[in-house]
4 protein chains.
Amino acid sequence: MASERREHLVRLAAELFAQKGFQATTVRNIADEAGILSGSLYHHFDSKESIVDEILSGFFDEIMASYRAAIDRGQGPRETIAALVRAAFDTLEPHRAAITVMQNDWSYLRGMERFAYLTKAEDEIEEMWAGTIRQGQRQGLFRADIDATLTYRMVRDTIWMAVRWYRPGSGLDPKTLAEHYLKVMFDGINIH
Amino acid sequence: MASERREHLVRLAAELFAQKGFQATTVRNIADEAGILSGSLYHHFDSKESIVDEILSGFFDEIMASYRAAIDRGQGPRETIAALVRAAFDTLEPHRAAITVMQNDWSYLRGMERFAYLTKAEDEIEEMWAGTIRQGQRQGLFRADIDATLTYRMVRDTIWMAVRWYRPGSGLDPKTLAEHYLKVMFDGINIH
Amino acid sequence: MASERREHLVRLAAELFAQKGFQATTVRNIADEAGILSGSLYHHFDSKESIVDEILSGFFDEIMASYRAAIDRGQGPRETIAALVRAAFDTLEPHRAAITVMQNDWSYLRGMERFAYLTKAEDEIEEMWAGTIRQGQRQGLFRADIDATLTYRMVRDTIWMAVRWYRPGSGLDPKTLAEHYLKVMFDGINIH
Amino acid sequence: MASERREHLVRLAAELFAQKGFQATTVRNIADEAGILSGSLYHHFDSKESIVDEILSGFFDEIMASYRAAIDRGQGPRETIAALVRAAFDTLEPHRAAITVMQNDWSYLRGMERFAYLTKAEDEIEEMWAGTIRQGQRQGLFRADIDATLTYRMVRDTIWMAVRWYRPGSGLDPKTLAEHYLKVMFDGINIH
DNA sequence: AATGAATGAGACTTCATTCAT
DNA sequence: CATGAATGAAGTCTCATTCAT
């Protein structure tokens, strides 16, 4: 089922979707890249949508698993948040294309029944993060005068947006980015 | 030049582009919204691109002016950064559609010669922000162990992404968001 | 009726039709050239076709008159043919645009009911020329082994086609062209 | 590359372009003639232009080869000119459609970058013919008081224009036309 | 006379998808 | 597994023309 050929095609498609956007990438673009004719792609997939579905669901499955593991480790809120941030940044490299598609074509894909699961996953994730932040506030670790959900969204957006300018092998690896981000997030840029 | 009719059409188009994306919005969608035939739009604009151009350049012109004013006020780095953050959040409401388009269709539009000016403006803006941060570091106001450019990008992304979930009249107005963001940015979420 | 303004517009249109072809010239091209809006042209003409009609019928009226005068002068066949050739070349300058349109858009315009008169005029003209040639053959002035109609057509095509490369003020004026052509036509390029 | 299907479509298109003109022929006309939908044509060709390109370049390639062969045979100027005239008339039947398009849509096509090669080929051809005429003048075979280029143009125009009225199977075949034309061209219509 | 807005028909082209071979 | 041909729907844009002002 998940033959090597098929996976190869998915990877090619993912790269193109990331570069040009889902809509702007034609089935023919993908086929050209693979050196076959566009009609031949339909031996492997039943639609263009099913390709992007495969790309996105693969990513979401993995990030959800990572997040759950971080939560289930049962550490303190500060450590859990750090683990979540690191887990997110860790996907930047292996799932660069998927994240890019998610960011760029979100508003288009969200509108489709087929991708309702994306919104559901998002909600679940929001609850994990915001819950952890609120826990930290109750324990007196995080300031009480910030809004947990708002803060989560800002963190989330910042991380995923990094995919737009992050280039592998440019000195800044995802681990460094994660630590940098944690620093600012926990303590701000001010010197006290 | 900018007749009332024309401006009205631009506003309608902006709203649709923001809702469905530039590519997914058809010229007919816009015309329908305006109650005219699609061909009639070409009495006012040369092309679909020229409409989005008008939307984006209007936004960029204004934000650049605000940023320059904040810089030129010649206050300290902390006040200047705060002013920049507030200026950005202040555009959230009047330019919601333009910002959404910029965020969602960036990768598509960037590829086009016509929109090269967007990248140029972005570079100029990056220099304003990062320069101010570096100034603050030299003056011992901001931590030396953060990367100015990286920090700017994170801030920028966070602000513009707000457009994806921000809904006017939902209690959280842009001013509140700006102050919230400044708090986290300057001092972090930790309690020291 | 034939106001100066109107004639001016016809001249502008003729020039454009000659340059780009009737179909490729838009009503807006003409209006632009005149410095007005395309709709305003309809104050002067009821259609694009009526403009080209005016251009062509003006030319045909004149050439028919010239030809008839040449025939009616009642000279010998050789002089009459020379007079016809000269009459044709004489229109090259004043009716350059009309001739160009006739040549380039002939096949398109011929298909239209409105321009049936063009074909009728052509037939009448063919009869004048071919008749004169045949007369010359009967009088032993022209070779008997050439086809009168065929010869006429070759002459006609050659003359009108000159409009494609003839440029006023390039040394070769229409009178010179006519004499050159008559030389070749009467005696050939051989030296006997 | 040049599949049978494709060649068939090109032939259909050529016929239509010849009948109605390039601009007046719609892509749908061609598709209708072929019994397919207009969009399906784009499986075979990139554009309407590329179809006419194929038609014209096919013709030009062949005529250039014929002309070069006539020149390279190294005969005297009189024989060479006769060979050129015959070569041209010989294309009348097999390339009737292409020649018609070239004649009728010349001014439109010439304006396009893509068809710059047409003008270049024309220049090369002019040089072949005019060169041969001049050679004949130097050898005392052709009259010195005619302009070589001018004469070439008149001959060329006459030959190609024949396509407008020539109908295969009407008694006058291209070979007869060629001999008729050579007679007039070499010796004129006068009896000396 | 001219403007400004719009119509309506139709042009070329794109593209996801299907299917017989 | 892949090709080659085609479909069918839709998209952007053009343009002659109309008409109230």
Side-chain angles (χ1 to χ4, degrees), chain A residues 3 5-6 9 22-32 34-52, chain B residues 1 3-6 8-9 22-31 34-52, chain C residues 3 5-6 9 22-32 34-52, chain D residues 1 3-6 8-9 22-31 34-52:
Chain A
S3 73
R5 183 97 181 91
R6 185 189 170 91
L9 293 170
F22 174 70
Q23 291 169 92
T25 301
T26 70
V27 164
R28 197 178 181 153
N29 289 154
I30 304 170
D32 281 354
I36 58 179
L37 290 179
S38 66
S40 307
L41 271 180
Y42 288 79
H43 260 281
H44 303 278
F45 309 95
D46 37 76
S47 71
K48 190 182 166 188
E49 270 175 35
S50 81
I51 304 178
V52 80
Chain B
M1 177 158 263
S3 73
E4 252 185 70
R5 186 86 184 97
R6 183 187 172 95
H8 175 61
L9 293 170
F22 175 70
Q23 293 169 89
T25 302
T26 70
V27 162
R28 188 133 49 211
N29 290 154
I30 303 170
I36 58 177
L37 290 177
S38 66
S40 305
L41 273 179
Y42 290 81
H43 180 64
H44 303 277
F45 309 96
D46 313 335
S47 67
K48 193 182 160 188
E49 266 176 40
S50 81
I51 304 180
V52 80
Chain C
S3 72
R5 185 94 181 95
R6 185 189 170 91
L9 292 171
F22 174 69
Q23 291 170 91
T25 302
T26 68
V27 164
R28 198 175 177 154
N29 289 153
I30 304 169
D32 282 353
I36 58 179
L37 289 180
S38 65
S40 307
L41 272 180
Y42 288 79
H43 260 280
H44 303 278
F45 309 95
D46 38 74
S47 71
K48 191 182 164 188
E49 270 175 36
S50 80
I51 304 179
V52 80
Chain D
M1 178 159 260
S3 75
E4 255 184 67
R5 187 89 183 97
R6 184 188 171 95
H8 176 62
L9 293 170
F22 174 70
Q23 292 169 91
T25 301
T26 70
V27 161
R28 188 134 50 211
N29 289 154
I30 303 170
I36 57 178
L37 290 177
S38 66
S40 305
L41 274 180
Y42 289 80
H43 180 63
H44 303 277
F45 309 96
D46 313 336
S47 67
K48 193 182 163 189
E49 267 178 37
S50 81
I51 304 179
V52 81

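Atom set for the values below is all heavy atoms of this structure, side chains included, hydrogens, waters and symmetry mates excluded. Throughout, protein chains are lettered first and strands after them, A, B, ... in sequence-line order, and every chain is numbered starting at 1.
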Discussion item. Restricting to side-chain hydrogen bond (donor to acceptor under 3.5 Å, both in side chains), what partner residues turn up for C:Thr26, sequence neighbours left out?
Written reply: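 C:Thr26 satisfies side-chain hydrogen bond (donor to acceptor under 3.5 Å, both in side chains) with C:Asn29 only.
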At a cut-off of 3.5 Å, list every protein nitrogen or oxygen paired with a nitrogen or oxygen from nucleotides 7-9 of chain F, distance to 0.1 Å.
from  : atom 1 : to      : atom 2 : distance (Å)
F:dT7 : OP2    : D:Leu37 : N      : 2.8
F:dT7 : OP2    : D:Ser40 : OG     : 3.0

Whole-Å gap separating [atom2] ([N]) and [atom1] ([X]):
{"X": "B:Asp46", "N": "F:dC15", "atom1": "CG", "atom2": "C1'", "answer": "15 Å"}
{"X": "B:Phe45", "N": "F:dT14", "atom1": "CZ", "atom2": "P", "answer": "15 Å"}
{"X": "B:Tyr42", "N": "F:dA16", "atom1": "OH", "atom2": "P", "answer": "17 Å"}

Discussion item. I'd like the 5' and 3' limits of the part of DNA chain E contacted by chain A, with heavy-atom contacts below 4.0 Å.
Written reply: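 On DNA chain E, the outermost contacted nucleotides are E:dC15 to E:dT18.
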Discussion item. If I take atom CD1 from residue C:Ile30 and atom CZ from residue C:Arg28, how far apart are they, to the nearest 0.5 angstrom?
Written reply: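 Output value for this atom pair is 13.0 Å.
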Discussion item. Using 0.5 Å steps for rounding, measure from the NE2 atom of D:His43 to the CZ atom of D:Arg6.
Written reply: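 It comes to 10.5 Å.
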Worksheet item: Taking only residues two or more places apart in sequence or in another chain, which ones pass side chain to side chain contact (heavy atoms under 4.5 Å, CB included) with C:Arg5?
Response: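 C:Arg5: side chain to side chain contact (heavy atoms under 4.5 Å, CB included) contacts with C:Ser3, C:His8, C:Leu9, C:Ile36, C:His44.
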Worksheet item: Touch check for A:Ser50, heavy atoms < 4.0 angstrom, all strands: base, sugar-phosphate only, or nothing?
Response: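 Touches nothing.
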Worksheet item: Could you write out DNA chain F as a dot-bracket string, with dots for unpaired bases, | for bases paired across to another strand, and Watson-Crick or G-U pairs counted at under 3.5 Å?
Response: .||||||||||||||||||||
Item to complete: By nearest nucleotide on DNA chain E, pick out whichever of D:Ser47 and B:Arg28 is the more 5' one.
Response: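 Going by which nucleotide is closer to the 5' end, it is B:Arg28.
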Practice prompt. Tell me which of C:Arg5 and D:Phe22 sits closer to the 5' end of DNA chain E, going by the nucleotide each one is nearest to.
Written response: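 First, find each residue's nearest nucleotide; the 5'-ward one identifies C:Arg5.
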Worksheet item: On DNA chain F, nearest-nucleotide positions of C:Lys48 versus D:His44: which is more 5'?
Response: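 Per heavy-atom nearest nucleotide, the more 5' residue is D:His44.
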Worksheet item: A:Phe22: what forms a ring pair (Phe, Tyr, Trp, His ring centres under 6.0 Å) with it, not counting sequence neighbours?
Response: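 By the ring pair (Phe, Tyr, Trp, His ring centres under 6.0 Å) rule, A:Phe22 matches A:Phe17.
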Quick check: closest heavy atoms across [X] and [Y], and the distance to 0.1 Å?
{"X": "A:Leu41", "Y": "A:Val27", "value": "CD1-O, 3.5 Å"}
{"X": "A:Gln23", "Y": "A:Lys48", "value": "O-NZ, 3.7 Å"}
{"X": "D:Phe45", "Y": "D:Ser50", "value": "CB-OG, 3.5 Å"}

